[in-house]
Engineer: 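Mind looking over this structure? Questions follow.
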There are 2 protein chains.
Amino acid sequence: MSTERDHRTPSPTISEVAAAAGVGRATVARTLGGYGSVSPKTRDRILAVAKELGYRPNTIARSMTTGETRTLGVVLADVGNPFFAGVLRGISDAARKADYDVLVLSTDEDLQLEAAAIEVLVDKQVDGIALAPAAGRSAQLPHLDIVHKREIPLVLLDRLVDTVDADAVVINNREASRQAVTSLIEQGHRRIAFVWGPVTTEPAADADDLRRIIDHALWSDGERLLGYLDALELAGIPFDTSLVTHVLKNEPQATRAVLGMLSLSDPPTAIFATETDALTGSLRALRQRGLRCPEDVSLIGFDDSSWASVMTPPMSVVAQPMHQLGELTAECLLARVAGSDAPVATHVLEADFVERASVAPPPTRA
Amino acid sequence: MSTERDHRTPSPTISEVAAAAGVGRATVARTLGGYGSVSPKTRDRILAVAKELGYRPNTIARSMTTGETRTLGVVLADVGNPFFAGVLRGISDAARKADYDVLVLSTDEDLQLEAAAIEVLVDKQVDGIALAPAAGRSAQLPHLDIVHKREIPLVLLDRLVDTVDADAVVINNREASRQAVTSLIEQGHRRIAFVWGPVTTEPAADADDLRRIIDHALWSDGERLLGYLDALELAGIPFDTSLVTHVLKNEPQATRAVLGMLSLSDPPTAIFATETDALTGSLRALRQRGLRCPEDVSLIGFDDSSWASVMTPPMSVVAQPMHQLGELTAECLLARVAGSDAPVATHVLEADFVERASVAPPPTRA
DNA sequence: GTGAAAGCGCTAACAG
DNA sequence: CTGTTAGCGCTTTCAC
């Protein structure tokens, strides 16, 4: 209980420690900052005095002169989404190990918000930025110019952008997707729906048209679709544009789209859902139609969760290594922050296809 | 392409803008900092010059003099957990609206890590801290002393601690829990399991012993248990200590504990699972025993998710308003940061009991 | 090995 | 309304 009415009891500064220890500021700075060399004797005394006074370094003042903030910026679609939450956790863990902290911003897949987020991080002078871009693979990202100009280390997270020359850490979506769809084909499916294809106003005319559209979709989404196309092609199954959705990515839309497909004269016997809400939306559609999984329609989802394995039936899913994705991203970024001048590289992580009981052979046609 | 080999192209400073505009630094500072008053004419010129030069304020230098960082610190158990991820999203949204950013740290319910996290945030001079403490309601939190001393606004998130005199935003866990258990009782259940009770080495001897243990449990966990006890008491159902788990909070442990209860001579006919993994763990136990939900055992979970409603059967759950919890916490914190001296208050949010199909009357005894 | 002094870019108090 | 000036707490030459 001090009798003063100071707004904040100020933390002692280096000068005060110096005065109390009877040495110069610089010596204290060297001791407390852990650089330069100080004689063990005075070092110990300074440390003792500092501890007694409860000295805490003023990181802001330090940042001002060093230019380092020991803070990483993370820009992703939505921290509330389990996938990104898992990734963020991985980033945080790796950052903490290196004594860095993390500033997070969500974009909701909006490029304006992404630009604003980048600006904030640049202004706050984070030492590095991990970005899951909201832009398609062939997009131009002018808001990253300043990041380059300021030479702030940047690593792309989960999504590649061709025009950005930076390290990246991604999942092998194409291969994971091909594998999942192939497993469906091996069970005898030939009518396989793909939920969530790229958002467009009208369905793709054909596979080539679709490939053109993919250029403007998120890299990860595009790759998943390419993997689907790969699997079909390998099996010699013709691509049917009516089996790929082009709706907005929310659960009700997925349900609606699947309901539409189920009404086709030649409906799908299997559904590949490339996101959790695409899967739950599809399940809802099946239920509405009174269709059972896997007897009537087989299902494969994306992203594992404790729920997936306790469903009836347990859901087969492509499990992305979220935590590892985050960790590797942070490690990669921290290496750059530490000054690594290794050539720019893209690290590709494999996803794990978890086979459970939501896939069965298609029902024999009546 | 500059021919210089400067490590970083430095951003222009206020002095440079002043020189270029032919005015004094202070005038520029006033204009760009948005304080004091400047004649419209010079103001416009300065703005033009600043824009042309690509001036960006150095927030670190600014923080050094103002003491403000426009950053909020958030300390929670695990950003990767869907509940906290949702809460964090709410905090971020509210923070952004007020032009603040968020630094997040996970504690994994470890008080050491919590103390370290607080220290980091204090050192980084965040303007306020939102904390979901890893300590029981009656715990002593010495690592918060420095927060008080520095007069850093603090708000408790999701969990109360009696010894901490700070604003808090929590869910009415007790009432939500009471309501859920009561709905089970109304269906005729009298043997209701409670998964996850507090972690202890040996089960509680009786209800009073349990109440004593609750003091050391997380506030939210304790309240859920009290709500359970309330419901039993109201219905005149004797408390059976063997129906409350005391295991570590992970899914396999939940499964094991439920399996044990199911082997009781008078096994539970309903399970109240107070966390998602407690629910999935319970479901796994039922499946292993070949028991069906809700015919054999009724189930109520905690925290809603897109999965819960597409389960077979759809799961009844207590849905916590995660996003709102986060938003309100941030708003509360920001009000303090802005200097509010309203009396310390605890805001209680109601949870929503979502009744679906996982509850049915107990099977008639053979 | 140590101390003195300059300066990071900004805000704020004070004159003019 | 505007310019001058003095720091904020630290790191970092540079002498000693």
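All chains are named by letter (A, B, ...) in the order of the sequence lines, taking the proteins before the strands, and each is independently numbered beginning at 1.
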Engineer: With sequence neighbours excluded, what pairs up with B:His143 under the side chain to side chain contact (heavy atoms under 4.5 Å, CB included) test?
Structural biologist: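 If we apply the side chain to side chain contact (heavy atoms under 4.5 Å, CB included) test to B:His143, skipping adjacent residues, the hits are B:Leu111, B:Glu114, B:Ala115, B:Ile118, B:Leu141.
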
Engineer: Applying side chain to side chain contact (heavy atoms under 4.5 Å, CB included), can you list everything that pairs with A:Ala338, at least two apart in sequence or on another chain?
Structural biologist: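 Scan of A:Ala338 (side chain to side chain contact (heavy atoms under 4.5 Å, CB included), adjacent residues dropped) gives none.
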
Engineer: Listed by chain and number, what are the side chain to side chain donor-acceptor pair (under 3.5 Å) partners of B:Ser92, not counting sequence neighbours?
Structural biologist: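 Partners of B:Ser92 by the side chain to side chain donor-acceptor pair (under 3.5 Å) criterion come out as none, since no residue qualifies.
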
Engineer: Which residues pass the side chain to side chain contact (heavy atoms under 4.5 Å, CB included) test with A:Gln112, not counting sequence neighbours?
Structural biologist: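 Only A:Asp110 meet the side chain to side chain contact (heavy atoms under 4.5 Å, CB included) criterion with A:Gln112.
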
Engineer: Distance under 4.0 Å to a non-hydrogen atom of chain B counts as contact; along DNA chain D, which nucleotides mark the start and end?
Structural biologist: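 Endpoints of the contacted stretch of DNA chain D: D:dC1 to D:dG9.
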
Engineer: For the helix from C:dG1-D:dC16 to C:dG16-D:dC1, how many degrees between its two end axes (five pairs per end), to the nearest 10°?
Structural biologist: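 Answer for the end axes of this duplex: 40°.
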
Engineer: According to the side chain to side chain donor-acceptor pair (under 3.5 Å) rule, which pairs have a member within residues 329-344 of chain B, sequence neighbours left out?
Structural biologist: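 Passing the test, one end in residues 329-344 of chain B: B:Asp167-B:Arg336.
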
Engineer: According to side chain to side chain contact (heavy atoms under 4.5 Å, CB included), who are the partners of B:Leu349, at least two apart in sequence or on a separate chain?
Structural biologist: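 Expected list: B:Val169, B:Ile171, B:Pro321, B:Gln324, B:Leu325, B:Leu328.
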
Engineer: Taking only residues two or more places apart in sequence or in another chain, which ones pass side chain to side chain donor-acceptor pair (under 3.5 Å) with B:Asp162?
Structural biologist: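 If we apply the side chain to side chain donor-acceptor pair (under 3.5 Å) test to B:Asp162, skipping adjacent residues, there are no hits.
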
Engineer: Listing request: all salt bridge (charged side-chain N to carboxylate O under 4.0 Å, His left out) pairs with a residue in residues 29-58 of chain A, at least two apart in sequence or in separate chains.
Structural biologist: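 Found A:Arg56-B:Glu119, A:Arg56-B:Asp123.
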
Engineer: Can a side chain N or O of A:Ser39 be found less than 4.0 Å away from OP1 or OP2 on C:dT2?
Structural biologist: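 Yes, such a contact exists.
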
Engineer: A:Ser63 near the nucleic acid: base, sugar-phosphate alone, or nothing, with a heavy-atom cut-off under 4.0 Å?
Structural biologist: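 Nothing, no nucleic acid heavy atom in range.
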
Engineer: Can you list everything that forms a salt bridge (charged side-chain N to carboxylate O under 4.0 Å, His left out) with B:Asp101? Sequence neighbours excluded, please.
Structural biologist: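 With neighbours one apart ignored, the set is A:Lys124.
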
Engineer: Protein-nucleotides 10-16 of chain C N/O pairs closer than 3.5 Å?
Structural biologist:
{"from": "C:dC10", "atom 1": "OP1", "to": "B:Tyr55", "atom 2": "OH", "distance (Å)": "2.5"}
{"from": "C:dC10", "atom 1": "OP1", "to": "B:Asn58", "atom 2": "N", "distance (Å)": "3.4"}
{"from": "C:dC10", "atom 1": "OP2", "to": "B:Ile14", "atom 2": "N", "distance (Å)": "2.5"}
{"from": "C:dT11", "atom 1": "OP1", "to": "B:Arg62", "atom 2": "NE", "distance (Å)": "2.6"}
{"from": "C:dT11", "atom 1": "OP1", "to": "B:Arg62", "atom 2": "NH2", "distance (Å)": "3.3"}
{"from": "C:dT11", "atom 1": "O4'", "to": "B:Thr65", "atom 2": "OG1", "distance (Å)": "2.9"}

Engineer: With respect to B:Val28, which candidate in B:Thr13, B:Val23, B:Leu47 satisfies the side chain to side chain contact (heavy atoms under 4.5 Å, CB included) definition?
Structural biologist: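 Among the candidates, only B:Val23 passes.
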
